[in-house]
Amino acid sequence: MPPKVYIINKSFHDFSCAERYGEIVYLSKGTINKYATNRIARQFSEALKSASENDYLLLTSLTVMNCIACVIFALRFKKLNLLLLKDNDYVCHRLDFSDIK
């Protein structure tokens with residue numbers, strides 16, 4: 001199965017450059033209350049149920065949302081595949097947490 005790119009929040013930003021890494025999936029859209037952390041965690045946990053260890057998280061939007069998505073992904077897979085914006089393109093950073101106890 002080809003990888004997916006989970007984008008934290010759908011905005012007016014053009015994410016088309018990330019499509020070369022996989023199918024785009026939005027974890028949320030629109031205005032989010034940054035203090036509703038339990039709701040964000042439940043929403044992201046449900047949306048990431050179909051994620052695989054080869055998928056990516058594209059960091060964007062509120063810091064707390066990025067933190068929650070990264071924790072869910074890292075707890076499930078003991079790794080993170082991040083896409084970060086650099087010079088109008090995305091670069092992949094892979095982090096392995098398998099040695100952390």
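- By the criterion of side-chain heavy atoms lying less than 4.5 angstrom apart, applied directly or through intervening Ile, Leu, Val, Met, Phe, Trp or Tyr residues, Phe97 is grouped together with Leu48 in one hydrophobic cluster.
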| side chain to side chain contact (heavy atoms under 4.5 Å, CB included) evaluation trace for Ile40 with Ser28 | CA-CA 9 Å; Ile40 294 167; Ser28 64; over 6 Å; no

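- Contact between Ala18 and Val5 at its shortest, heavy atoms only, is O-CG2, 3.7 Å.
- Pairing each heavy atom of Leu27 with each of Ala47, the nearest pair is CD2-CB, 3.6 Å.
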| message | Run Ile32 and Met65 through side chain to side chain contact (heavy atoms under 4.5 Å, CB included) and show every step you take. | response | CA-CA 9 Å; Ile32 304 292; Met65 295 170 72; 3.7 Å; yes

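- In this structure a side-chain-to-backbone donor-acceptor pair under 3.5 Å is missing from Glu19 to Ile24.
- In terms of heavy-atom proximity, Tyr6 sits nearest to Ser50 at OH-OG, 3.5 Å.
- What you find for Phe73 and Ala51 is that their closest heavy atoms are CE1-CB, 4.4 Å.
- At distances below 3.5 Å, not a single donor-acceptor pair connects side-chain atoms of Asp89 with backbone N or O atoms of Leu85.
- Heavy atoms of other residues, nucleotides or ligands lying less than 6.0 angstrom from CG of Asn88 number 12 at most.
- Scanning all heavy atoms of the two residues, the minimum distance from Lys4 to Asp55 falls at N-OD1, 2.7 Å.
- At a threshold of 4.5 Å between side-chain heavy atoms, the hydrophobic network of Ile, Leu, Val, Met, Phe, Trp and Tyr places Phe44 and Leu80 in one connected group.
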| request: Check step by step if side chain to side chain contact (heavy atoms under 4.5 Å, CB included) holds for Leu57 and Cys70. | output: CA-CA 8 Å; Leu57 288 176; Cys70 286; 4.0 Å; yes

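- Tracing side-chain contacts under 4.5 Å through hydrophobic residues (I, L, V, M, F, W, Y), one never reaches Leu84 starting from Phe15; they form parts of separate clusters.
- Side-chain contact of Ser11 with Asn9: a donor-acceptor pair under 3.5 Å is absent, judged by distance alone.
- Residues Lys10 and Lys29 approach most closely at CB-CB, 3.8 Å, considering heavy atoms.
- Under 3.5 Å, the side chains of Asp96 and Ser98 contain a donor-acceptor pair of N or O atoms.
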| CA sep, side-chain torsions, deciding dist, call: Arg94, Tyr56, side chain to side chain contact (heavy atoms under 4.5 Å, CB included) | CA-CA 9 Å; Arg94 296 178 191 273; Tyr56 299 90; 2.8 Å; yes

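- Judged by distance alone, with hydrogens and angles left aside, the side-chain atoms of Tyr21 form a donor-acceptor pair with the main-chain N or O of Tyr90 at under 3.5 Å.
- Note: the hydrophobic cluster containing Leu62 does not contain Ile7 (ILVMFWY, side chain heavy atoms under 4.5 Å, direct or indirect links).
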